[in-house]
**Q** 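First, the structure itself, so that you have it in front of you.
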Amino acid sequence: MLVLTGLLDLPSLQFPLFLVFLLIYLMTLTGNLLVLFLIITDSHLHTPMYFFLGTLACLDMSYSSVTVPRMLFDLLTQKRVISVTACITQIYFFLFFCTSEVFLLAVMSCDRYIAICRPLHYMQIMSWKVCVQLVSIVCVFGAAQSLLHTVFLSKLLFCRTGALQNFFCDLPQFLEVSCSDTFINVLLIFIMVILLGVGSLGVTFFPYITIITTVLKIPSKQMKSKAFSTCSSHLTVVFIFYTTIFFNYFHSYSNDKYGEDIVASILYAVLTPFLNPLIYSLRNQELKASLKRNLQRLEIQTGQKISTIVEEQ
């Protein structure tokens with residue numbers, strides 16, 4: 001059995017923290033579900049960009065649901081005990097959803113490049129078949145990478161009950177409490193981060209050199225503003241996601257840096273999926289317009305129902 005140290009050891013703060021993170025989790029689900037609802041119900045949003053944005057919303061809800069419910073349970077019960085098998089399972093799903101999001105952000109960057117730099121060929125290149133294939137490839141790569149880590153984690157030995165310096169089972173802290181030689185596991189993390197992380201980061205940012213050059217040449221201020229709003233939303237999400245992940249997986253873990261570790265974990269495991277729908281909805285004019293149309297439709301339907309009830313009485 002392993003022990004999760006959690007957020008704070010102060011019993012008086014456990015319930016207030018439970019309420020705060022419960023509210024954040026519910027708002028995360030609500031925000032991402034709202035984005036999904038708008039994309040599904042509004043025909044104006046049936047485009048490749050919003051298909052990928054809907055997939056991002058699903059991934060955000062999923063990897064938030066891997067960590068936050070367990071944290072809420074521990075805050076409420078103060079048990080904080082988890083088996084090695086359950087811990088490895090949590091690591092697998094967390095890595096799967098995180099890795100899939102890394103690849104998806106790269107795909108979304110390529111989608112923006114084609115939409116802005118090759119607009120006449122956009123719908124030919126980014127057909128619905130291609131979009132589904134790209135998301136399928138993202139999920140397959142995410143599952144394969146997570147499975148590889150899980151196979152090597154299952155071979156580790158644990159001689160005693162260890163304390164994980166986190167509120168969920170994350171890879172670096174899990175390796176610290178093992179009494180086996182973790183050189184292969186650490187090497188695997190390093191190789192995967194270099195090949196997949198840095199590679200995906202390059203694919204994500206490189207198209208923006210051409211995108212920015214192309215956008216600056218657009219004569220229409222309205223079109224230029226629209227292009228910059230969608231690109232800036234994507235870049236903001238990418239910056240927050242990569243900054244917190246690289247900080248978490250590349251910086252040295254020690255007891256005197258425990259506070260920094262927790263902050264980094266909260267940022268990328270809890271707050272990033274909470275912020276993503278806010279970033280996209282606040283900066284995306286089409287999503288805001290879709291929300292306004294749905295609210296107007298709801299208002300009209302409510303008014304008609306009230307009128308019908310009044311007439312019947």
Side-chain angles (χ1 to χ4, degrees), residues 21-69 72 93-112 115 122-123 126-143 204 226 229-238 240-241 268-302:
F21 284 102
L22 176 63
L23 180 63
I24 291 173
Y25 180 58
L26 292 175
M27 289 176 70
T28 300
L29 295 180
T30 304
N32 284 291
L33 283 172
L34 179 61
V35 169
L36 266 178
F37 172 77
L38 293 175
I39 292 170
I40 292 169
T41 58
D42 195 332
S43 59
H44 296 88
L45 303 181
H46 291 177
T47 63
M49 185 183 90
Y50 290 103
F51 174 73
F52 294 132
L53 184 56
T55 307
L56 180 68
C58 291
L59 290 175
D60 282 336
M61 286 189 292
S62 299
Y63 90 78
S64 179
S65 298
V66 170
T67 57
V68 179
L72 294 174
F93 283 105
F94 186 74
L95 286 177
F96 167 65
F97 292 123
C98 269
T99 306
S100 298
E101 184 152 331
V102 167
F103 291 136
L104 182 66
L105 290 172
V107 169
M108 291 173 75
S109 181
C110 294
D111 171 71
R112 291 297 81 214
Y122 180 62
M123 291 312 297
M126 299 301 293
S127 63
W128 286 113
K129 183 181 178 181
V130 171
C131 292
V132 172
Q133 286 175 343
L134 286 171
V135 170
S136 301
I137 291 168
V138 162
C139 293
V140 168
F141 271 109
T204 303
K226 182 181 177 181
S229 70
T230 56
C231 292
S232 61
S233 302
H234 181 247
L235 282 173
T236 305
V237 169
V238 170
I240 295 171
F241 188 74
Y268 86 92
V270 180
L271 292 183
T272 299
F274 164 70
L275 291 173
N276 284 356
L278 291 177
I279 293 167
Y280 273 103
S281 59
L282 289 174
R283 297 194 62 84
N284 191 299
Q285 298 299 325
E286 290 180 342
L287 271 180
K288 286 195 282 188
S290 175
L291 180 60
K292 190 180 292 185
R293 283 194 296 269
N294 275 276
L295 289 174
Q296 288 173 348
R297 194 181 302 131
L298 181 64
E299 187 178 348
I300 292 168
Q301 289 175 352
T302 305

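In this text the structure is predicted, and so the values were computed from the model without any measurement.
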**Q** Closest approach of F96 and G142, non-hydrogen atoms and distance?
**A**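 The pair with the smallest heavy-atom distance is CD1-C, 3.4 Å.
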
**Q** Write down the atom of A106, the atom of T204, and the distance for their closest heavy-atom approach.
**A**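 In terms of heavy atoms, the two residues are closest at CA-OG1, 3.3 Å.
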
**Q** Drop me the distance from L33's CG to D60's CG, to the nearest 0.5 angstrom.
**A**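 The CG atom of L33 sits 11.5 Å away from the CG atom of D60.
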
**Q** More than 12 heavy atoms of other residues, nucleotides or ligands under 6.0 Å from CE of M123: yes or no?
**A**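 More than 12 within 6.0 Å, yes.
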
**Q** To the nearest 0.5 Å, tell me how far I40 CD1 sits from H46 NE2.
**A**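 Atom-to-atom, I40:CD1 and H46:NE2 are 7.5 Å apart.
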
**Q** What I'd like to find out is whether the side chain of Y50 reaches to under 4.5 Å of the side chain of L38, using heavy atoms alone.
**A**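 No - every pair of side-chain heavy atoms lies 4.5 Å or more apart.
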
**Q** Rounded to the nearest 0.5 Å, what separation is found between the CG atom of L53 and the CG atom of D111?
**A**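 If we round to the nearest 0.5 Å, L53:CG and D111:CG are 10.5 Å apart.
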
**Q** Is there a side-chain contact between P48 and Y122 in this structure, where contact means two heavy atoms from C-beta onward sitting under 4.5 Å apart?
**A**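 Yes. Closest side-chain heavy atoms under 4.5 Å.
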
**Q** Rounded to the nearest 0.5 Å, what separates atom CG in L56 from atom CD in E101?
**A**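 Reported value, rounded in 0.5 Å steps: 5.0 Å.
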
**Q** Could you tell me whether the side chain of M126 reaches within less than 4.5 Å of the side chain of F52, counting heavy atoms only?
**A**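 The answer is yes; the side chains approach within 4.5 Å.
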
**Q** Got a second to check how far Y25's OH is from L72's CG, nearest 0.5 Å?
**A**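 With rounding to 0.5 Å, OH (Y25) is 8.0 Å from CG (L72).
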
**Q** What's the spacing between L104 CG and L59 CG if we round to 0.5 Å?
**A**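 L104 atom CG to L59 atom CG measures 6.0 Å (nearest 0.5 Å).
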
**Q** Contact between T55 and S100 at the side-chain level, heavy atoms closer than 4.5 Å - yes or no?
**A**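 No - every pair of side-chain heavy atoms lies 4.5 Å or more apart.
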
**Q** Checking the side chain of S109 only, and the main-chain atoms of L105 only, is there a donor and an acceptor separated by less than 3.5 Å?
**A**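 Absent.
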
**Q** Identify, with sequence neighbours excluded, every residue that meets ring-ring contact (aromatic ring centres under 6.0 Å, His included) alongside F274.
**A**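 For F274 there are no ring-ring contact (aromatic ring centres under 6.0 Å, His included) partners, ignoring immediate neighbours.
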
**Q** Under the side-chain hydrogen bond (donor to acceptor under 3.5 Å, both in side chains) test, which residues partner N32, sequence neighbours left out?
**A**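 Checked N32 against side-chain hydrogen bond (donor to acceptor under 3.5 Å, both in side chains); zero matches.
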
**Q** For residues 126-138, which residue pairs pass the side-chain hydrogen bond (donor to acceptor under 3.5 Å, both in side chains) check, not counting sequence neighbours?
**A**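 As it turns out, there is no side-chain hydrogen bond (donor to acceptor under 3.5 Å, both in side chains) pair with a partner in residues 126-138 once direct neighbours are skipped.
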
**Q** Grab the two heavy atoms, one from T28 and one from S64, that are nearest each other, plus how far apart they are.
**A**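 That would be CG2-OG, 4.1 Å.
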
**Q** Other residues, nucleotides and ligands only: do more than 12 of their heavy atoms fall within 6.0 Å of CZ on F141?
**A**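 Not more than 12 within 6.0 Å, no.
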
**Q** What residue among F97, F94, F93 forms side-chain contact (heavy atoms from CB on, under 4.5 Å) with T67?
**A**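 For T67, the side-chain contact (heavy atoms from CB on, under 4.5 Å) test succeeds with only one of F97, F94, F93, which is F94.
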
